[in-house]
Number of protein chains: 2
Amino acid sequence: MVTIKDIARLAGVSPSTVSRVVSNHPRISEETSRKVKRIMDEQGYHPNVMAKSLVSKTTHTLGILLPRPAEELFRNDFFGEVLRGIVTQATRMGYDLLMTTATSEQDELGTISRLVRGRRVDGIVLLSSRRDDPLIAYLNEEQFPFVLIGRSESHPDILMVDNDNVRAAYDAASHLIAQGHERIGFVSGPNNLTLSHDRLRGYEQALAEASLPKRPEWIVEGEFLQESGFRAMSLVMSLPERPTALVVIDDNVAFGVLRGLAELGYGVPDDICLVSFNNIPLSELASPPISSVDIGTYQLGYSAVQSLLHLLQGERIHHNPIVIPHRLIVRESSIQQARKRS
Amino acid sequence: MVTIKDIARLAGVSPSTVSRVVSNHPRISEETSRKVKRIMDEQGYHPNVMAKSLVSKTTHTLGILLPRPAEELFRNDFFGEVLRGIVTQATRMGYDLLMTTATSEQDELGTISRLVRGRRVDGIVLLSSRRDDPLIAYLNEEQFPFVLIGRSESHPDILMVDNDNVRAAYDAASHLIAQGHERIGFVSGPNNLTLSHDRLRGYEQALAEASLPKRPEWIVEGEFLQESGFRAMSLVMSLPERPTALVVIDDNVAFGVLRGLAELGYGVPDDICLVSFNNIPLSELASPPISSVDIGTYQLGYSAVQSLLHLLQGERIHHNPIVIPHRLIVRESSIQQARKRS
DNA sequence: CTGAAAGCGCTTACAG
DNA sequence: CTGAAAGCGCTTACAG
């Protein structure tokens, strides 16, 4: 391993000078700089990142805690896409990404505090928020820089990047109402997620505004899994009075809903319409193609890193939360007139 | 930030002793150990990871290079699942994961060498292999510990975890042959991937063994995208002589194939049968459900980390490559007798 | 513009 | 069983 001392010796200068060349210090002569750089190239010198971190107290690394599959939060398509946004922007800004996961819920705090107290990372990206999330409380108390992709009710002052999920669900429900539906159900996600709550609220607002009945039995809580959507249908469709349209929390769940309805002999959109969220590529390929709210998943990740880096660089944060725009993509699943028999 | 010196002072011992307590050195008295540990707890002491790395020359971190979306290698479902396997096993063994991505192909070597020369990581997991992959050549030459999820033809001695893709494709094609098909096509992935080649070879072997014609125009190269499958169909199905069955390289591509066939007015499995790879959850929910070869994606990631850690710990590697078993899951898409009209 | 020195927080022979 | 000392590879006031 070639170190700064080797280069110094070979170049006939001091280690300090080599260090200054590496960091483009202004008060270094053209000539010295060129010579040192040539020798670094020849020797294949790369600065030791650990040593640099130790003295600079900065790692140029962001931490990310993987949601645990046990929690069923693992929405593959969402996750892959948001991660792509995160990694892309981090890399572009010269940051690496350190990924860990907790083996259990009790372990989560320990895992994150290893990153924080061990000074492994400069900042942390949190991927989702439960209501009263202990991780948020911890990071906030430690005053450790972090950004939440999502929204925290208990800590409104932390850095957040989120959709306007209330409005997004309001838009989804309103679209169904505009189609003439009066009995609209909601297939939700885990009840302890802020996301589920916000979308439920938007759904309820739209119903209230249109003076439509809100029926508790039409609201089913589940997980971000196809099975959840599937099971929800056997519940909802066995009711004496059934909804004619559904707002579904996630495209994957919507696939399960679709299959559940098919098995029960209901057609979409003929018998029942639906709108879901995320607009994953496959939603366009489902039969029928699913109307879905595009939430700008990649943007969520990208912007989260962007604002976290602003925070780290001590820049003023102008907008908080940062709201990533959503857009309802209407497809066949929610348009009864436009139906095609297959 | 509380350091080892603070603890030493508070406990009335030397920093060396504290260090030994932290690392469970055997020759430390019960009593001293207890006292030091109590004070560490009180003070909330966490060892500085960077400092430890600097002297131990080990990071307890594995590196992973994200495939670039530009290369269209980004098979979301595969990627999420393999990553889950990687992170789970790494975490279980006390390792973190450092993730970077290259912004361009030229940049890849630079990105990986930053990890290697900068001593950021102890080992590297490579996620896919192109034929004559320059990253493999580089890591091999540097003698840096790494594992490839996939197979390298040019470097047969490196550590590899892979499916027997030749056999997997052979099984897929044989299944179709057993159903009585004689005209079988192959919708492949990017031609520069070893994966595509291996599966093509298996497909060809099965045809040859059954003395079936191999028609070049029935073999379409594409990407791991739905669009690829979609476009492949307009090509293949416009031929004067069309295949009656298809082996498709990836479930996502198969979704595109399915849509392409539907738009052209062909039914699956009535007019054309298909089998694909990966067995992602949605393949079961497609209409019709898609027969797919389960390649044990999670296992691939999990085993890759496991053997990389063995390598790092200097253990003898017994089997190389490690072969993760595959299994063909037969569903409606490849069984004409069992068809259901929808 | 450049160098000598101290120090980042830890580990580990060496000596006792 | 424990401590003093040297050192991991780098940075950065301080002095010139």
Side-chain angles (χ1 to χ4, degrees), chain A residues 1-37 39-40 43-61 94 96 113-122, chain B residues 1-40 43-61 94 113-122:
Chain A
M1 172 112 216
V2 29
T3 74
I4 220 170
K5 279 187 195 163
D6 301 320
I7 303 298
R9 188 166 28 75
L10 259 28
V13 297
S14 76
S16 329
T17 302
V18 176
S19 172
R20 290 191 181 101
V21 170
V22 170
S23 58
N24 286 313
H25 190 104
R27 289 199 307 246
I28 286 285
S29 75
E30 246 319 276
E31 193 193 336
T32 311
S33 172
R34 240 200 310 275
K35 183 173 58 183
V36 170
K37 276 179 177 156
I39 298 192
M40 293 196 311
Q43 301 296 314
Y45 170 74
H46 276 242
N48 180 310
V49 181
M50 297 302 165
K52 183 185 276 183
S53 282
L54 183 56
V55 22
S56 71
K57 300 200 172 311
T58 179
T59 62
H60 268 228
T61 303
D96 288 320
S113 89
R114 259 188 38 247
L115 294 188
V116 171
R117 321 287 293 260
R119 298 288 156 193
R120 265 333 274 287
V121 298
D122 296 346
Chain B
M1 171 115 217
V2 28
T3 75
I4 219 170
K5 278 187 194 164
D6 301 321
I7 303 298
R9 189 167 25 76
L10 259 31
V13 297
S14 75
S16 328
T17 301
V18 176
S19 172
R20 291 191 181 101
V21 170
V22 170
S23 57
N24 285 314
H25 190 104
R27 289 198 308 244
I28 286 285
S29 75
E30 248 319 277
E31 193 194 336
T32 311
S33 172
R34 239 199 312 276
K35 183 174 58 186
V36 170
K37 276 180 177 155
R38 181 173 50 74
I39 297 191
M40 291 196 312
Q43 301 295 315
Y45 170 75
H46 277 242
N48 180 310
V49 182
M50 297 303 166
K52 184 185 276 183
S53 281
L54 183 56
V55 22
S56 71
K57 302 202 170 307
T58 180
T59 62
H60 268 230
T61 303
S113 89
R114 260 189 34 249
L115 295 187
V116 171
R117 320 287 292 262
R119 298 288 154 192
R120 270 325 281 282
V121 298
D122 296 346

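The sequence lines fix the lettering, A, B, ..., with proteins before strands; numbering per chain opens at 1. Below, all heavy atoms of this structure are taken into account, side chains as well, without hydrogens, waters or symmetry copies.
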Side-chain heavy atoms of R20(B) within contact of T32(B), under 4.5 Å: no
Side chains of R120(B) and T61(A), donor plus acceptor under 3.5 Å: yes
From K52(A) atom NZ to K57(A) atom NZ, the distance as rounded to the nearest 0.5 Å: 15.5 Å
Separation of L115(A) CG from H46(B) NE2 (nearest 0.5 Å): 10.5 Å
Short side-chain donor-acceptor distance under 3.5 Å, T17(B) and S14(B): yes
B/S/- contact track for nucleotides 9-16 of chain C, protein heavy atom under 4.0 Å: BBBBBB--
Intra- and interstrand pairs of DNA chain D - dot-bracket, Watson-Crick/G-U under 3.5 Å, | marks other strand: |||.||||||||.|||
Listed partners of E30(A) passing salt bridge (Lys or Arg N to Asp or Glu O under 4.0 Å), at least two apart: R34(A)
Trace of the side-chain contact (heavy atoms from CB on, under 4.5 Å) decision for Y45(B) with I4(B): CA-CA 8 Å; Y45(B) 170 75; I4(B) 219 170; 3.8 Å; yes
Inter-residue atom distance N48(B).CG - T3(B).OG1, 0.5 Å rounding: 9.5 Å
Sugar-phosphate, base or nothing in reach of S53(B), heavy atoms under 4.0 Å: nothing
C1'-based separation of dG16(C) from dT12(C) [nearest Å]: 16 Å
